[in-house]
Amino acid sequence: MSDKIDNLEAMRHSLAHITATAVQHIWPEAKFGVGPVVDNGFYYDIDLGDIKISEDDLPKIDAEMRKVIADNQTFERSEKPIDEAIDWAKQANQPYKVELLNDLKREGTTKANELTKAMMGLPAGTVGASSGIAEVGSVSFYSNGDFTDLCRGPHVESTGKVGAFRLMRVSGAYWRGDEKNAQMQRLYGVAFNTEKELRIHLEMLEEAKKRDHRKLGQELDLFFFHDTAPGMPYWLPNGVVLYNELIRFWREEHRVRGYQEIVSPLINKKELYQTSGHYDHYWEDMFTIESDEESYGVKPMNCPNAMVVFKYTTRSYRDLPLRLSDTDTLHRYEMSGTLNGLFRVREFRQDDAHVFVSEEQIKDEYKRIFEITELFYSIFNIEYSFRLGTRPDKYMGDESLWDSAEQTLKEILEESGKEYAVEEGDGAFYGPKIDIVMKDCLNRPWQMGTIQLDFQQPLRFGLKYAAQDGSEKTPITIHRVIYGSLERFIGILIEHLAGKFPVWLAPEQVRLITVNQEDATLAFAQKMLDRAVELGVRAEVDNSNESVGKKIRAAELMKVPYTVVIGEKEMAGNDLMPRIRKDLEVQPEHKAVTIEEFLNTVANEAKSRVSKTSF
RNA sequence: GCCACCUUAGCUCAGUGGUAGAGCAACGGUUUUGUAAACCGUGGGUCGUCGGUUCAAAUCCGACAGGUGGCUCCA
């Protein structure tokens with residue numbers, strides 16, 4: 001770790017501290033939670049009772065912070081034995097700090113200190129003020145001016161040395177992340193060493209807004225949301241092209257890899273979910289229907305139906321791995337506050353498949369699935385990472401089975417040589433999983449694909465196959481999606497490409513622009529359009545009574561890959577000079593081509609799903 | 001669901017107590033255009049919904065709906 005990073009860390013810590021200082025100056029009754037450093041900045045959780053901080057209060061807090069900074073107060077570090085610290089916190093009327101300290105006492109400060117040292121890269125056993133590590137049994141405090149806060153540090157020397165920052169927003173946050181606890185108010189800030197870095201960060205945020213998939217979804221006429229169905233997208237013709245092309249690609253690649261597609265009911269009796277176990281774990285998050293005195297659930301996932309399909313007929317070891325895929329529409333009653341454009345919706349489709357395997361086949365099948373993953377994610381050239389989710393608090397089945405399943409997934413990940421993170425307790429209730437995570441334009445992580453191991457549902461549904469030795473065995477199910485949901489994937493795709501889709505995905509691949517409104521010009525354009533349609537190229541004619549410049553601009557704004565102007569020259573038999581969207585260009589000077597060359601090239605590019613033009 | 005904020009024409013936005021405005025888009029006309037915005041004109045809004053305060057509400061208050069940023073949740 002370089003000094004600069006350490007300094008940035010200390011600086012952000014100090015700013016969180018200064019935020020608390022300012023809040024206490026303004027609202028002396030404030031009770032403080034925690035104020036950690038996060039990506040690009042810091043936050044502080046504060047309980048002000050009935051007083052609600054709104055964004056209008058930020059300038060006031062900011063001004064107070066800058067006063068403290070202008071004072072250049074020294075951060076005085078001190079240590080207290082844990083019991084004294086608890087007394088201090090009680091006296092200071094800081095119940096959250098008392099709670100933290102009591103927990104620290106229970107866990108032992110040694111462990112906490114060693115953890116801190118590990119984070120700071122210091123050797124074990126280091127203690128004392130110079131290292132910033134408290135003696136065993138003690139905790140550290142930092143004081144500046146009239147404010148003292150329990151804090152592990154490190155801090156900068158004085159309040160004047162904190163670089164550039166900006167308070168960004170305020171939001172609610174549950175104490176210790178548990179919704180059963182009191183809701184506190186969280187003040188967020190970003191902070192950098194220099195004004196310039198801060199400015200660059202803020203500009204980046206502005207740029208990110210331009211590629212927000214919700215904004216581009218509207219500008220490019222891809223989809224919209226409506227009060228009639230919150231959280232459920234209406235897909236417009238342009239968006240449906242994207243949707244269908246992605247599914248077409250998926251079908252082609254899965255068909256050759258032995259997947260067979262099924263379709264199953266969207267509405268199922270509650271008994272199905274009782275059998276699968278979803279009734280106990282998921283019923284509250286489902287849309288439900290009472291009809292003919294029966295209770296139905298709108299399906300939130302495909303697996304129970306896939307189990308039914310497996311059980312439909314006798315199965316043999318010869319059938320395994322049995323790979324059943326589907327893209328049925330799913331509904332989940334997500335909490336209103338969590339809905340977010342295409343990233344979290346209540347209605348969506350997954351590029352789903354359930355692979356039924358014997359225990360010996362798990363590893364090999366996982367490898368095959370990893371290969372598919374690699375293919376799909378490399379074609380879009382978007383960064384992704386793996387995340388292993390282990391047994392959650394709410395789980396089904398016995399622990400030893402979970403442990404061995406988790407071990408298997410770890411081995412698979414290790415063997416794949418890919419880096420991965422472990423998220424304890426993040427598995428599905430029926431088994432551990434490997435998730436593929438991608439980031440949106442604001443760097444927020446989203447779970448995309450997921451590959452889950454399931455020993456439970458096959459047991460619950462009583463799935464059996466005839467083994468080679470004539471015995472009956474229960475298969476294991478691998479649940480897997482590559483894109484994740486088509487909705488979320490399209491959202492990520494829009495943001496990463498800023499709406500500039502490769503030719504194979506572009507809703508409109510070619511726009512023909514007429515120079516004038518003469519009948520002959522229109523007829524010529526129409527003939528070229530007919531040929532394009534014949535070759536499977538998605539083309540449109542813009543014959544509006546506008547200047548060529550304006551029509552070019554319109555095509556450019558819709559991010560159409562190819563624009564061709566049709567006028568006297570073309571009609572006289574001259575070659576076309578297609579205008580190529582900048583990001584597709586391989587060379588600034590493109591060559592003239594005949595209509596046939598042009599349309600065939602576009603058709604081939606779309607078919608081979610290349611990301612650059614060959615003109 | 002929780003906290004804060006937002007909702008005015010198809011879109012982007014102005015309008016803070018005296019019965020609604022602009023640009024773009026749309027439509028009509030003039031023009032007949034050569035690679036990112038020709039010109040003139042026209043239509044379009046119960047100011048998210050419902051209720052309240054007031055002589056008077058887009059504007060103040062409340063509820064609800066939808067959305068944004070977080071929290072929580074996340075198969």
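Small disclaimer: the values here were computed from a predicted structure and weren't measured. We use all heavy atoms of the structure for the numbers below, so side chains are in, but hydrogens, waters and symmetry mates are not. In what follows, chains carry the letters A, B, and so on, assigned in the order in which the sequence lines appear, proteins first and then strands, with residues in each chain numbered from 1.
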Using 30° and 60° as the class boundaries, would you call the ring planes of Phe32(A) and Tyr44(A) parallel, tilted or perpendicular?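 Judged by the thresholds at 30° and 60°, the geometry between Phe32(A) and Tyr44(A) is perpendicular.
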Parallel under 30°, tilted from 30 to 60°, perpendicular over 60°: which one fits the rings of Phe223(A) and Phe225(A)?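 Correct class here is perpendicular.
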I need the [atom1]-[atom2] distance between [X] and [N], as an integer number of Å.
X         : N      : atom1 : atom2 : result
Asp227(A) : U49(B) : CG    : P     : 11 Å
Leu342(A) : U68(B) : CG    : P     : 10 Å
Met232(A) : G66(B) : CE    : P     : 11 Å
Lys180(A) : G1(B)  : NZ    : C1'   : 13 Å
Glu284(A) : C73(B) : CD    : P     : 14 Å
Asn340(A) : U72(B) : CG    : C1'   : 15 Å
Leu187(A) : C71(B) : CG    : C1'   : 14 Å

Using the P atom in both, what is the distance from C39(B) to C24(B), to the nearest Å?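 My reading of the P atoms in C39(B) and C24(B) gives 9 Å.
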Can you check the distance between G23(B) and G66(B), where both ends of the measurement are the P atom (answer in whole Å)?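 The answer is 35 Å between these two P atoms.
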Does Ser336(A) make a side-chain N or O approach to OP1 or OP2 of G1(B) shorter than 4.0 Å?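 So the side-chain polar atoms of Ser336(A) do come within 4.0 Å of the phosphate oxygens OP1 or OP2 of G1(B), strictly under.
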Check the phosphate of G70(B) against Arg444(A), side-chain N and O only, distance under 4.0 Å to OP1 or OP2. Yes or no?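 Arg444(A) to G70(B) OP1/OP2: side-chain N or O found under 4.0 Å.
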Considering only G69(B), G66(B), G1(B), which nucleotide approaches the side chain of Met335(A) most closely?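 Taking heavy atoms from C-beta onward, the closest nucleotide is G1(B).
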Of the options G66(B), G69(B), G1(B), whose atoms approach the side-chain atoms of Ser171(A) most closely?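 For the Ser171(A) side chain, the nearest candidate turns out to be G69(B).
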Are His479(A) and Tyr430(A), when compared by the centres of their aromatic rings, separated by less than 6.0 Å?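 Aromatic pair counts; centres sit under 6.0 Å.
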Using a heavy-atom cut-off of under 4.0 Å over every strand shown, decide if [X] touches base, sugar-phosphate, or nothing.
X         : result
Phe225(A) : nothing
Ile513(A) : nothing
Pro300(A) : base
Gly277(A) : nothing
Gly389(A) : nothing
Leu330(A) : nothing
Arg214(A) : sugar-phosphate

Give a yes or no on whether a donor-acceptor pair under 3.5 Å exists between the nucleobase atoms of G1(B), that is its base, and the side chain of Tyr174(A).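 Flag set: donor-acceptor pair detected.
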How would nucleotides 25-37 of chain B be written as a contact map, 5' to 3', with B for base contact, S for sugar-phosphate-only contact and - for no contact, using protein heavy atoms under 4.0 Å? S----BBBBBBBB
For nucleotides 5-15 of chain B, give me every protein contact, N/O to N/O, under 3.5 Å, one pair per line with atom names.
from	atom 1	to	atom 2	distance (Å)
C11(B)	O3'	Gln218(A)	NE2	2.8

Phe42(A) six-ring centre to Arg12(A) NZ/CZ under 6.0 Å and within 45° of normal: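 Because its charged atom misses either the 6.0 Å distance or the 45° angle limit, Arg12(A) does not stack over Phe42(A).
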Should Asp403(A) and Arg391(A) count as side-chain neighbours, where that means a heavy-atom distance under 4.5 Å?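 Side-chain contact under 4.5 Å: yes.
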Going by salt bridge (Lys or Arg N to Asp or Glu O under 4.0 Å), name the pairs with one or both residues in residues 542-566 of chain A, residues two or more places apart or in two chains.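 Counting only pairs at least two positions apart or across chains, the salt bridge (Lys or Arg N to Asp or Glu O under 4.0 Å) contacts touching residues 542-566 of chain A are Glu546(A)-Lys550(A), Glu556(A)-Arg579(A).
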